[in-house]
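Throughout, a chain's letter reflects where its sequence line sits, starting with A, and its residues are numbered from 1.
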There are 2 protein chains.
Amino acid sequence: MSDTRQRLIDGAVQTVRDHGFGGASARAIAATAGVNQALVFYHFGSVNELLRAACVTATEERVQTFLHRLDEVTDLRALLSVGRELHTEERALGHVTLMAQMLAGAQSDPNLAEWTAFALNLWIEPVERTMRRLLADSPVADVIDIPGLTRAVCAGFVGLELFEGVDPAGAESALDALDRLGALVEVVEDMGPVARRALRAKLRRSERKKGEPPRPG
Amino acid sequence: MSDTRQRLIDGAVQTVRDHGFGGASARAIAATAGVNQALVFYHFGSVNELLRAACVTATEERVQTFLHRLDEVTDLRALLSVGRELHTEERALGHVTLMAQMLAGAQSDPNLAEWTAFALNLWIEPVERTMRRLLADSPVADVIDIPGLTRAVCAGFVGLELFEGVDPAGAESALDALDRLGALVEVVEDMGPVARRALRAKLRRSERKKGEPPRPG
DNA sequence: GTCTATACAACGATAGAC
DNA sequence: GTCTATCGTTGTATAGAC
């Protein structure tokens with residue numbers, strides 16, 4: 001791949017991280033990358049196309065480095081811990097910020113929305129596989145919807161990322177609270193067979209009590 | 001309050017909802033509000049000041065209409081249900097979208113960040129009070145950090161709001177998954193005194209096992 | 001592939017008439 | 001308080017020399 005192309009992609013990531021989606025103009029990105037402004041249009045055609053490429057390729061690179069860490073995870077609390085590592089490292093590198101900014105910008109741009117969803121799915125899929133593995137023999141496995149829960153967790157992390165930008169202390173307390181919640185889930189996970197059966201029965205009754213959720217499968 | 005002032009605030013909310021934070025120029029807002037572009041600067045001094053005012057006042061209005069609904073909530077699953085109502089109604093009105101866009105825009109504007117955090121706290125505080133009330137006599141009350149958990153939940157909702165913009169089906173499945181998770185929490189809540197004591201003991205042991213979380217109080 | 005120069009649009013903001 | 005008119009800036013994008 002051309003050197004200039006890569007410099008522009010890296011420059012786009014850094015510019016979005018430092019100056020937000022709105023501040024990521026062709027001039028600003030080119031200045032960060034140390035190349036001429038016109039090259040943005042030569043290599044990518046438009047600023048949005050550059051941002052799209054930056055979002056997808058940067059995400060692909062980062063997901064790759066996290067795959068083996070996810071494979072090593074053996075319980076939910078460890079998954080949350082990896083999530084927190086990810087949060088810290090990615091914040092420094094600016095890739096989750098890029099994702100959050102892409103999501104915000106994509107709200108009113110259907111074309112951008114499509115590619116943002118694609119990039120986000122690069123994160124969602126391995127996390128979903130990990131959650132499926134961890135919850136395979138859990139007493140709650142047949143009552144929770146793993147694809148949906150995975151998306152809730154990933155979307156929640158993006159929200160936390162944005163929240164940290166306006167209230168760092170609040171975001172830290174939120175992550176700590178989730179860690180404590182992880183302890184609670186761990187306790188449920190560690191239950192003996194008798195208690196598990198009791199929980200299972202209770203869950204089924206509770207399920208019937210309420211109106212059927214839209215996605216029973 | 002001046003009619004034009006209010007029209008501009010309403011126009012700002014609607015413009016951000018329809019065209020995003022980046023598309024909310026003085027001209028675009030004024031066109032939506034049906035007033036002259038120069039009046040933005042006469043009444044608010046700058047576009048950012050108008051957006052700030054719109055964010056704060058619109059949030060104040062909406063929070064007011066949700067206070068009594070929160071007071072009527074008696075369990076966590078009902079709180080989640082109110083959250084989902086809020087999500088649906090606010091999405092239609094565009095106020096959560098406004099908040100999400102403010103959060104994204106505030107990432108690289110400290111002044112905006114301050115006011116966005118203020119507006120977000122207008123939501124956080126009543127939710128925190130409600131959670132504190134609901135969890136007062138729960139077996140997990142002394143192991144979870146309510147302020148942190150509240151912030152995690154509120155930030156998570158913002159993330160879901162953004163996620164819905166790029167993947168509506170995924171966001172719906174995420175909300176359904178949270179509803180099912182609510183059933184699980186409900187089961188824990190409904191435990192008898194013996195089981196509660198056992199859980200409490202397990203939680204304390206689990207707490208010691210791990211490194212002390214940063215916020216023990 | 002990379003540069004300079006530039007056309008053209010949109011923007012924030014202000015001055016001044018009414 | 002509201003309008004018109006306008007200035008200066010910034011941004012996207014292209015043409016053409018090298």
Side-chain angles (χ1 to χ4, degrees), chain A residues 1-55 57 98 101-102 104-113 115, chain B residues 1-55 57 98 101-102 104-113 115:
Chain A
M1 185 184 296
S2 152
D3 182 49
T4 301
R5 245 186 103 87
Q6 190 59 47
R7 286 169 69 93
L8 279 170
I9 285 178
D10 295 342
V13 174
Q14 196 177 329
T15 306
V16 170
R17 182 192 59 189
D18 294 344
H19 305 106
F21 195 80
S25 68
R27 292 183 215 265
I29 294 171
T32 304
V35 303
N36 190 279
Q37 170 260 154
L39 295 176
V40 169
F41 304 96
Y42 175 80
H43 286 284
F44 296 94
S46 73
V47 177
N48 263 4
E49 280 296 297
L50 166 55
L51 289 172
R52 176 177 75 71
C55 182
T57 63
L98 172 67
Q101 294 287 320
M102 290 290 293
Q107 299 294 313
S108 49
D109 184 336
N111 188 35
L112 207 57
W115 288 101
Chain B
M1 185 184 293
S2 154
D3 182 48
T4 301
R5 246 187 102 87
Q6 189 59 46
R7 286 169 70 93
L8 279 170
I9 285 177
D10 294 342
V13 174
Q14 196 178 328
T15 306
V16 170
R17 182 192 59 187
D18 294 345
H19 305 106
F21 195 80
S25 67
R27 294 181 212 266
I29 294 171
T32 304
V35 303
N36 190 280
Q37 171 258 155
L39 295 176
V40 169
F41 304 96
Y42 176 79
H43 285 285
F44 297 94
S46 73
V47 177
N48 262 6
E49 280 297 297
L50 166 55
L51 289 172
R52 176 177 76 71
C55 182
T57 64
L98 172 68
Q101 294 287 319
M102 291 288 294
Q107 299 295 312
S108 49
D109 184 336
N111 188 35
L112 207 58
W115 287 101

Quickly work out the [X] [atom1] to [N] [atom2] distance and round it to whole Å.
X       : N      : atom1 : atom2 : answer
B/Phe41 : C/dA15 : CZ    : C1'   : 14 Å
A/Asp3  : C/dT2  : CG    : C1'   : 13 Å
A/Asn48 : D/dG11 : CG    : C1'   : 13 Å
A/Phe44 : C/dG1  : CZ    : P     : 11 Å
B/Leu8  : C/dG12 : CG    : P     : 13 Å

Passing candidate, side-chain contact (heavy atoms from CB on, under 4.5 Å) with A/Leu8, options A/Asp3, A/Thr32, A/Val35, A/Val13: A/Val35

Gap separating the OG1 atom of B/Thr4 from the OH atom of B/Tyr42, nearest 0.5 angstrom: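 Rounded to the nearest 0.5 Å, the OG1-OH separation comes out at 10.0 Å.
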
Earlier contact from the 5' end, DNA chain D, for A/Ser46 and B/Tyr42: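 Result of the comparison: B/Tyr42.
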
OP1 or OP2 of C/dG1 under 4.0 Å from side-chain N/O of A/Thr4: no

Under-4.0 Å side-chain N/O to phosphate OP1/OP2 contact, B/Ser25 with C/dA10: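 Looking at the OP1 and OP2 atoms of C/dA10, neither is under 4.0 Å from any side-chain N or O of B/Ser25.
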
Any donor-acceptor N or O pair under 3.5 Å, side chains B/Asn48, B/Asn111: no

Modelled atom types, side-chain donor and acceptor of B/Asp10 and B/Gln6, under 3.5 Å: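 Side chains of B/Asp10 and B/Gln6: pair found under 3.5 Å.
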
Side-chain donor or acceptor of A/Gln101 paired with backbone N/O of A/Arg17 under 3.5 Å: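 Answer holds: no.
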
Near-strand residues of residues 29-40 of chain B, defined as heavy-atom separation under 4.0 angstrom from DNA chain C: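 B/Gln37, B/Ala38, in order of number.
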
Crowding at NE2, B/His43 (>12 non-hydrogen neighbours, <6.0 Å):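 Atom NE2 in B/His43 is packed in, count exceeds 12.
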
No-H, no-angle donor-acceptor pair, A/Arg27 side chain to D/dT10 base, under 3.5 Å: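 In this structure, the two groups form no donor-acceptor pair.
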
